[in-house]
Amino acid sequence: MPENNKDYKAKNAWLEMEDIEKDQIFNFNKEYGNFLESNKTEREITKGSIDLLKEEGFKPIKQFESLKEGDKVFAVNKGRQLVAAVVGKKDLKEGLKIVAAHMDSPRIDLKPNPLFEDGELAYLGTHYYGGIKKFQWVTIPLALHGVVIKEDGSKIEIKIGDKKGDPVFYISDILPHLGKKQREKKMNEGINAQHLNLVIGSIPTKDQNQEDDKVKYAVLNYLEEEYNISGEDFVSADLQIVPADGVRDVGFDRALLGGYGHDDRVCSYTGLRALLDINQPEYTAVTVLVDKEEIGSMGATGMQSRFFENFVAEMTDKYYDQYSELDLRKILENSSSLSGDVNAAYDPNFSEVFDKRNTAYINKGIVLTKYTGARGKAGSSEASAEFIGKVRSLLNKAGVIWQVAEIGKVDEGGGGTIAQFLANYNMDVLDAGPAVLAMHSPFEVVGKIDVYNTYLAYLTFLEK
Ligand code: MN
Ligand code: MN
């Protein structure tokens, strides 16, 4: 083989990185783990991110009359979407460098009229959000997070189940002794959506006027007294059921990090951190964090919303004395982006669904995913050879460890990301993020060295 023929081979990052970097990698993951553990909903991630942005001197874009090189700005959309930017050296018309990721994770939401009593137990009825395997969410401690909007417009924030001493909530499963028929069912029927009712109380009220549903009314009284929440208030609430457990190191060597919501907070955090740590970037660097990816990027706070575009319009307006609609279109068109999202890690327990030569591995660095989709790439925006060439060269020069993969064997299934919605602006987009074991489960696992290389990749991309 000629000397300059460099074959592709994903490398174990632990063998590639200097020993001295291990502390740095573990410390970085400690901070990420703390962020993940204390922010479990898109609203909480948004709040946590705003705190970090303010610490680093970022200010709301509305506070600026004009923008120039070095300015650090951000904007928040309805508490569930965030765009932040550092104005670059080059003219804005040269385009933006964007890292975009989603903050929402699969979970269980409440029904609009959730409260009921059965068997003298009080329950909240639920409607799951995103692609969950329902049987993974029973018999584990669950927390309740979200907001309730009162009739007068005031907001009550709920976060119960994570602090030591907090109660948790619970979805039961049938005991094995009576589970003969359940065992014979298909896995996705053994626990179905109708089984996902959350136990929230069991002491009945002694109120003589209350003949039925004594437990339900005791819970209503409790909610009123403790939280100022009435039964009707559930109608205007975003309440989410998330795993109560925290983040833990996994394995004797502590190289893996387990927790809820790596998909896609691992890219949200590293994308944000990269922007916070950036030195004066060449191009204007932008981190976009969105909601609703898990249900199709719909709605005002999803990637399909006009919010991101409006933010770029506001930047353009404040950057130039005069600009045209065409200038704005060109800025978007000349931009390029990494769509930060996770890919499936090779799992030896289920090797049959992976193509070993084209799958992502834990500890082999950030995964570049040329295309997503299913059934012959349907639904994928697919990155061009030219753009991947640029990213590959950039990462190699910076010594960032990367691998390439698609999600599973061809025709085994598939998935999508927000990449296609960025591509609609006619900008270059490539999916890039770490590999995850047991994606969409209540306790997902990533490799710490992959989290760190994802951060390095985003930082390099945004800065250069
Ligand atoms: Mn994702
Ligand atoms: Mn997902």
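Remember, it's 1-based here, ligands and their atoms both numbered in the order they're listed.
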Working to the nearest 0.5 angstrom, can you tell me the gap between Ile366 CD1 and Gln403 CD?
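So the gap between those two atoms works out to 9.5 Å.
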Would you say the ring centroid of Phe35 lies under 6.0 angstrom from that of Tyr269?
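Centroid distance Phe35-Tyr269: below 6.0 Å, so yes.
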Are Tyr32 and His262 near enough that their ring centres are under 6.0 Å apart?
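So the answer is yes for these two rings.
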With Ala419, which residues qualify under side-chain contact (heavy atoms from CB on, under 4.5 Å), at least two apart?
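Once residues adjacent in sequence are excluded, the partners of Ala419 under the side-chain contact (heavy atoms from CB on, under 4.5 Å) criterion are Ser339, Ser381, Thr417, Val429, Asp431.
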Atoms named by residue and atom, protein N, O or S, within reach of the Mn ion (ligand 2) (under 2.8 Å):
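Only Asp263 OD2, Glu294 OE1, Glu294 OE2, His440 NE2 fall inside 2.8 Å of the Mn ion (ligand 2).
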What pairs meet the side-chain hydrogen bond (donor to acceptor under 3.5 Å, both in side chains) rule with one or both residues in residues 128-140, with sequence neighbours excluded?
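Residue pairs passing side-chain hydrogen bond (donor to acceptor under 3.5 Å, both in side chains), neighbours aside: Asp104-Tyr129.
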Give the table of side-chain donor-acceptor pairs shorter than 3.5 Å for residues 244-252, with sequence neighbours excluded, one pair per line with atom names and distance.
| unit_1 | atom_1 | unit_2 | atom_2 | d |
| --- | --- | --- | --- | --- |
| Asp249 | OD1 | Lys448 | NZ | 2.8 |
| Asp249 | OD2 | Arg254 | NH1 | 2.9 |

